[in-house]
Amino acid sequence: MLAANNIDFRMAQEQINRKTGELEQSNNVAVIGISRHRLITEGTGPWEPEYQYSEFFFKECAVAGLSYHLENDDELWNELELGTKLALVRDRNNKYDRNAVAVALAGDYGGDPDDFDFDFILGYIPKNENAELAAMLDAGYAGRFSAKITTLNKYGNYNERIRITIFVRSLEKEFVRPDLLRAQSVSLLELREMVKELNEKGIAYFSWGGYQLMEWQRLDEGEKVVIVYRDEDSEILYLLRVLAVGEDCLRYVKDPDLIHSCDDCIPYVLTNIMGPVSINKSDWHFLTGVDLDVFSATDYLSSNLSAGFKGIFKRQLLETLNRDNMDMNPSIDE
């Protein structure tokens, strides 16, 4: 990975200075890259947010009673493997344990414990570990539990033959952040201020957002943003990483008022991973028909655009490593 302090910014600064001779010099530029949400669709295929339930670790334990329900020569052993999905079935009529919870193959259980044949189980959750789970199943949370095999030995002692991990599902679906880049188009003045900040401090301050942002429009720490500037003859790209969001920016900004200087926008501090990289849009097929002036960091790029920009930066990284005679297999994701 190429860090900000390893980048030679002189080329970019000189090019920017040549282009901005007519611009007024200002020492008071504090906020750069202010933008509103604009969905990028032209030539990209718009990205759609995905929501999924999250699973959280609940318990890991052995399966008790294998010798009674799963004989050593039982053909069912051939169906079991690490990761096999299981069902947890409340056995309320068990005369030996009032908290009995049976373990069955997920495909053998239809969801109704009163209509289930307990002859078709692997065993039970150990008696000294089942009280909390039984209470939650009785309270109506059965649909939020899942389990799978995480240890499998046909022979061995009780504790090491079949062990399972139990998960509990989140109450609501949550947004799943994709492995995609974002991008932000900048003006010449914004680019100049960014390069100055990166050159002097190793970080750049941005403020992006708008009214009523969706969850996925807010950037998370660690996400990557392609900064795009269109010159007359070429395009200049930077790949930045988000270091801090919101109040966390105070760790990097001396003036606390700076992060509140733009209403309805969220402050971000970013650092440089790679750049400047100069390209000609016409040399890259994935950019055909794409308007490079309307990127907003509040949007994820389509998978096609994201992969294309990653390809540009990876090629640049390979060229840099080859030039320096470094034998590596690099990745901009690392």
Worksheet, complete the sentence: Distance col, row Leu80:CG vs Leu152:CG, nearest 0.5 angstrom, shows 6.0 Å

Response to the item:
Between the CH2 atom in Trp208 and the CZ atom in Arg182, the distance rounded to the nearest 0.5 Å is 9.0 Å

Worksheet, complete the sentence: Which of Arg218, Glu223, Glu221 passes side-chain contact (heavy atoms from CB on, under 4.5 Å) with Tyr268? It is Arg218

Worksheet item: Do Ser146 and Glu55 have side-chain N/O donor and acceptor atoms under 3.5 Å apart?
Response: yes

Discussion item. Can you see whether Tyr155 engages Arg161 through a side-chain donor-acceptor pair at a distance of less than 3.5 angstrom?
Written reply: no

Worksheet entry | Side-chain donor-acceptor pair present, Glu215, Gln217, cut-off under 3.5 Å | no

Discussion item. Between Phe286 and Phe309, is the ring centroid distance below 6.0 Å?
Written reply: yes

Discussion item. Can you tell whether the side chains of Lys281 and Asp231 come within less than 4.0 Å, N to carboxylate O?
Written reply: no

Worksheet item: Hey, which of Ser303, Ser302, Ser306 is the one that makes side-chain contact (heavy atoms from CB on, under 4.5 Å) with Leu181?
Response: Ser306

Item to complete: Examine His69 together with Phe118 and report whether their ring centres are nearer than 6.0 Å.
Response: no

Worksheet item: Counting only heavy atoms not in Tyr68, do more than 12 sit closer than 6.0 Å to its OH atom?
Response: no

Worksheet item: Are more than 12 heavy atoms from other residues, nucleotides or ligands located less than 6.0 Å from atom CZ of Phe57?
Response: yes

Fill in: Distance (rounded to the nearest 0.5 Å) between Leu240 CG and Thr271 OG1
7.5 Å

Worksheet entry | Residue Asn157 excluded, over 12 heavy atoms near CG under 6.0 Å | yes

Worksheet, complete the sentence: Partner of Phe58 under ring-ring contact (aromatic ring centres under 6.0 Å, His included), picked from Phe145, Phe167, Tyr141, is Phe145

Practice prompt. Would you give the length of the straight line joining atom CG of Leu86 to atom NZ of Lys148, rounded to the nearest 0.5 angstrom?
Written response: 10.5 Å

Discussion item. Going by side-chain hydrogen bond (donor to acceptor under 3.5 Å, both in side chains), Tyr124 matches just one of Asn130, Asp91, Asn99. Which one?
Written reply: Asp91

